[in-house]
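To start, the structure under review is shown below, and the notes come after it.
Computed from a predicted model, the values in this text were never measured in an experiment. Naming convention: chains lettered A, B, ... in sequence-line order (proteins, then strands); numbering from 1 in each chain. Basis for what follows: all heavy atoms, side chains included, without hydrogens, waters or symmetry-related copies.
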Protein chains: 2
Amino acid sequence: MTKSSASTEAVDDYLKAILELSGPADARVTSNALAAHLSIRAASVTGMLQKLAALETPFVLYEKHRGVRLSPAGRRRALEVIRHHRLLERFLHDVLDYPWDEVHEEAERLEHYISERLEDRIAARLGHPGHDPHGHPIPAKNGAVAERTEVELSRWPCGVPGTISSVSDRDPAALREMKRLGLVPGTSVLIEPGARTGSVLVRVAGQTPTRLAPEIAAGVLIGEGS
Amino acid sequence: MTKSSASTEAVDDYLKAILELSGPADARVTSNALAAHLSIRAASVTGMLQKLAALETPFVLYEKHRGVRLSPAGRRRALEVIRHHRLLERFLHDVLDYPWDEVHEEAERLEHYISERLEDRIAARLGHPGHDPHGHPIPAKNGAVAERTEVELSRWPCGVPGTISSVSDRDPAALREMKRLGLVPGTSVLIEPGARTGSVLVRVAGQTPTRLAPEIAAGVLIGEGS
DNA sequence: CGCTTGATTTAGTCATGCCTAAATTTGCAG
DNA sequence: CTGCAAATTTAGGCATGACTAAATCAAGCG
């Protein structure tokens, strides 16, 4: 008796993790990578992947020892949860005045529990926004996600003006630091030449350049724009 | 090793049920009553009550075969969850335009997952309301609940003007019916004499009296007021 | 080609919370 | 006071989802 669908918090988290780790190329994701990302043991991952692949409508395509990829259903659910997350962040930030370094944790919990109805109401209330407060695109209801042409900050050429596109929301301290430096999505910056160990020298228009620590710089995407 | 605190969705639901069933007199609640209220088996209730009573800080006082009562900690948590629920209902209704017969279900799910922080933001945003959209009082953060002097509609004396105080939110159809009849909290009404089988003849100021079915009337509280 | 090493899977546990079936207790009628 | 019926508890299971320890697989090296 293969189980039907339904989706728990744990399942949602696996699907989101697979989507994030597989990248735009939809590469296979290893158990180890998932275990690290989810902070659980690899053995637990294997068990779950076997279940997710054995569902009546499987959420993943799984070949033992070769990693997993999302099935269409799995991708659909993952995008739905990400949509919930980013809409919630936008909502908490815009309507309830949450500071942008605090929205992530709350959204991470609630994303699993809001109904389709609430999702729609929030989106309507916000005017169907395209991005969360950190600059990440909000998937549409049909799963469409805006193209991402941005690159990591450390890969942007020196001397070419660019615009901060998004900032990782996984580390509140990093977000506070970015805010302090004025490096919020939409900000125009120049990369200055300087010693590289992953760290980056950034200049916000008209200000003194600042050095960003590698952990922080790694979470910043930058795109074209004056 | 007795387990510490933490509180799951299931635990919250038990505590809320005990609070609701024990009434203002804080009477003991039987396993059977809980089982019926929660739509689960009595045997499952027994197991859970034993756990809730064995916690490092017990949520209930439990004597086998004699029912349970909430401990101070249990009461505190129950009131917190009810506060979440009613604040959420108010919020969904006022800020997100949910119809009043739909707020209950959504709030029932979310009440377990909102942080203290979000609770506070919502309360602030609403101006610290005292009642949910159905007229039920919202417990204060310290657990204080407004006195309830109201009585069931069927117990209100005929001919004495009263004001609809609250309407049970457990049945969406009943709520729609009440809305249709204009019987929302705050409405002034008169009870007309008429055959009683639990049903009630109500007259909203200036209108023709309507007969309320017993299931519906049972969920309505009425108090003094023109 | 065989081996070592790291990645991965299997096997067996545990806690949560629900269920059924089988005691057992309680309380009320006679 | 007895005994039955209803309420309640015990015993034993199942599903979820995590963990540890012990296989096993795979991949690169010599």
Side-chain angles (χ1 to χ4, degrees), chain A residues 1-18 21-22 27-69 74 77 81 108-109 112-113, chain B residues 1-18 21-22 27-69 74 77 81 108-109 112-113:
Chain A
M1 179 64 78
T2 58
K3 277 293 160 45
S4 62
S5 56
S7 154
T8 66
E9 183 170 351
V11 169
D12 284 349
D13 289 340
Y14 274 92
L15 299 179
K16 271 206 308 178
I18 296 170
L21 294 175
S22 63
R28 275 190 297 250
V29 178
T30 67
S31 314
N32 246 20
L34 280 171
H37 190 86
L38 296 170
S39 302
I40 59 180
R41 301 298 173 172
S44 309
V45 172
T46 297
M48 180 61 99
L49 293 184
Q50 289 170 341
K51 284 177 196 164
L52 294 181
L55 295 174
E56 201 179 289
T57 304
F59 276 142
V60 303
L61 310 173
Y62 173 61
E63 294 173 81
K64 55 167 64 176
H65 296 286
R66 313 196 53 189
V68 276
R69 300 165 59 182
R77 175 61 186 166
V81 176
E108 189 72 13
R109 224 170 333 102
H112 310 288
Y113 304 110
Chain B
M1 178 64 78
T2 59
K3 275 294 158 48
S4 65
S5 55
S7 153
T8 64
E9 181 170 355
V11 170
D12 284 349
D13 289 340
Y14 274 93
L15 299 179
K16 269 205 312 178
I18 296 169
L21 293 175
S22 61
R28 275 190 297 252
V29 178
T30 67
S31 314
N32 246 20
L34 281 171
H37 190 86
L38 296 170
S39 302
I40 60 180
R41 302 299 172 169
S44 308
V45 171
T46 296
M48 179 61 98
L49 293 184
Q50 288 170 341
K51 284 179 197 165
L52 295 181
L55 294 174
E56 200 178 289
T57 304
F59 276 142
V60 302
L61 310 172
Y62 172 62
E63 294 174 81
K64 56 167 62 175
H65 295 286
R66 314 194 53 189
V68 277
R69 299 166 58 182
R77 176 60 187 166
V81 176
E108 189 73 12
R109 221 169 335 101
H112 311 288
Y113 304 109

Is B:N32 near enough to D:dT8 that one of its side-chain N or O atoms lies under 4.0 angstrom from OP1 or OP2?
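The answer is yes; a side-chain N or O of B:N32 sits under 4.0 Å from OP1 or OP2.
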
Can you tell me how far the [atom1] atom of [X] sits from the [atom2] atom of [Y], to the nearest 0.5 Å?
| X | Y | atom1 | atom2 | value |
| --- | --- | --- | --- | --- |
| B:M48 | B:L38 | CE | CG | 9.5 Å |
| A:E9 | A:Y113 | CD | OH | 3.5 Å |
| B:T8 | B:Y14 | OG1 | OH | 9.5 Å |
| A:R109 | B:H112 | CZ | NE2 | 13.0 Å |
| B:L49 | B:E63 | CG | CD | 12.5 Å |

Between [N] atom [atom2] and [X] atom [atom1], what is the distance in whole Å?
| X | N | atom1 | atom2 | result |
| --- | --- | --- | --- | --- |
| B:L49 | D:dT9 | CG | P | 7 Å |
| B:Y62 | D:dT9 | OH | C1' | 7 Å |
| B:E63 | D:dT9 | CD | C1' | 15 Å |

Distances for protein N/O vs nucleotides 16-18 of chain C N/O pairs under 3.5 angstrom?
unit_1: C:dG17; atom_1: OP1; unit_2: B:T8; atom_2: OG1; d: 2.4
unit_1: C:dC18; atom_1: OP2; unit_2: B:Y14; atom_2: OH; d: 3.2

Testing the basics here: between B:Y62 and B:A53, what is the closest heavy-atom pair and its distance to 0.1 Å?
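Looking at all heavy atoms of both residues, the shortest contact is CB-CB, 3.7 Å.
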
Considering residues at least two apart in sequence or located in another chain, which fulfil the side chain to side chain contact (heavy atoms under 4.5 Å, CB included) criterion with B:L61?
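Side chain to side chain contact (heavy atoms under 4.5 Å, CB included) list for B:L61, sorted by chain: B:S71.
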
Under 3.5 Å, N/O pairs linking protein and nucleotides 26-29 of chain D:
none

When all nucleic acid strands are considered with a 4.0 Å heavy-atom cut-off, which category describes B:S31: base, sugar-phosphate, or nothing?
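The answer is sugar-phosphate, as B:S31 gets under 4.0 Å only of primed atoms, P, OP1 or OP2.
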
Is the closest side-chain heavy-atom distance between B:K16 and B:E108 below 4.5 Å?
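Heavy-atom side-chain distance check passes, below 4.5 Å.
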
